[in-house]
Amino acid sequence: RASYSYRYTIRLVGWTGEEQGLLGSRAYAAQARGEGMQIIGVFNGDMTGYKPPENPYEVGFKDRNISPLLTEFCMDVALQYIGWPSAYSSSCCSDYLPFDEEGYAAVGFLRKQ
């Protein structure tokens, strides 16, 4: 048992069925809204596990169906704390989208190519 208590809970979750229509995240977001979950932010990292050796690491942030405030905050954090430059990406859509559609603040990011 942890000896710390926190004001908020952080959940690390994984989805299946993204390529088939965001099935897992869509089901979870709808269930969360139906149960009245108070989600203050969704951070969706997509395609983050590989960097071609010849390319510098750059973070791409989705530019639509996102929380602009949360996205700007994450861009600042990426640069200030880990030194990764970032830019907006016009790619669409990933598992952040169902949360945005349900009214939750969401940000989507990926390894920019």
Side-chain angles (χ1 to χ4, degrees):
R1 180 177 155 112
S3 58
Y4 301 99
S5 62
Y6 298 96
R7 187 171 172 187
Y8 300 104
T9 299
I10 296 175
R11 292 184 181 178
L12 300 175
V13 294
W15 315 117
T16 59
E18 183 209 29
E19 301 295 334
Q20 294 74 32
L22 307 172
L23 301 178
S25 57
R26 195 168 299 286
Y28 189 92
Q31 179 181 344
R33 177 56 63 210
E35 293 178 3
M37 283 187 198
Q38 296 181 346
I39 298 174
I40 60 172
V42 174
F43 302 83
N44 174 222
D46 191 11
M47 300 183 347
T48 59
Y50 173 72
K51 180 189 106 38
E54 66 278 2
N55 294 352
Y57 203 101
E58 183 178 25
V59 184
F61 285 89
K62 306 294 186 168
D63 66 355
R64 59 191 136 179
N65 302 102
I66 48 90
S67 164
L69 183 64
L70 192 56
T71 300
E72 288 294 325
F73 172 76
C74 290
M75 291 173 99
D76 289 345
V77 167
L79 184 60
Q80 183 171 345
Y81 289 98
I82 53 180
W84 291 344
S86 57
Y88 282 102
S89 169
S90 62
S91 66
C92 183
C93 294
S94 192
D95 289 305
Y96 68 92
L97 181 62
F99 292 91
D100 176 75
E101 292 172 343
E102 293 290 344
Y104 295 114
V107 59
F109 59 92
L110 68 154
R111 176 191 47 84
K112 194 165 174 13
Q113 299 195 35

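In this structure a side-chain-to-backbone donor-acceptor pair under 3.5 Å is missing from R26 to P98.
Put simply, OG on S25 and CD on E102 are 10.5 Å apart, with the number rounded to the nearest 0.5 Å.
Note on Y28: it clusters hydrophobically with V42, by side-chain heavy-atom contacts below 4.5 Å among ILVMFWY residues. In the hydrophobic clustering of ILVMFWY residues, with side-chain heavy atoms under 4.5 Å counting as a link, Y104 and W15 come out together. The hydrophobic cluster containing I40 does not contain L69, counting ILVMFWY residues as joined when their side-chain heavy atoms lie under 4.5 angstrom apart, directly or transitively.
Between L97 and L22, the closest side-chain pair of non-hydrogen atoms falls below 4.5 Å. At a threshold of 4.5 Å between non-hydrogen side-chain atoms, the residues C74 and F43 count as touching. In this structure, the side chains of Q31 and E35 come closer than 4.5 Å at one or more pairs of heavy atoms. Between I39 and F99 there is a side-chain heavy-atom pair separated by less than 4.5 Å. The closest side-chain heavy-atom distance from F61 to V107 is below 4.5 Å.
The number of heavy-atom neighbours closer than 6.0 Å to CD of Q38, taken from other residues, nucleotides and ligands shown, is 12 or below. Counting non-hydrogen atoms of neighbouring residues, nucleotides and ligands closer than 6.0 angstrom, the CD1 atom of I10 reaches no more than 12 such neighbours.
Here the shortest heavy-atom pairing between C93 and E18 reads O-OE2, 3.9 Å. In plain terms, the two heavy atoms of G108 and Y96 that are nearest each other are CA-CD2, 3.9 Å. Nearest heavy-atom pair, K62 versus I66, reported as atom, atom and distance to 0.1 Å: O-CG1, 3.7 Å. Heavy-atom minimum distance, S91 versus L110: OG-CD2, 4.0 Å.
Contacts classified as side chain to side chain donor-acceptor pair (under 3.5 Å) and involving residues 65-79 (residues at least two apart or in different chains) are given here: E72-Y88.
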Please determine whether side-chain hydrogen bond (donor to acceptor under 3.5 Å, both in side chains) holds for the pair S94 and N44, giving the CA-CA distance in whole Å, both sets of side-chain angles, and the decisive distance to 0.1 Å. CA-CA 8 Å; S94 192; N44 174 222; 3.0 Å; yes

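Between S86 and the options V77, V59, L79, a side-chain contact (heavy atoms from CB on, under 4.5 Å) holds for only V59.
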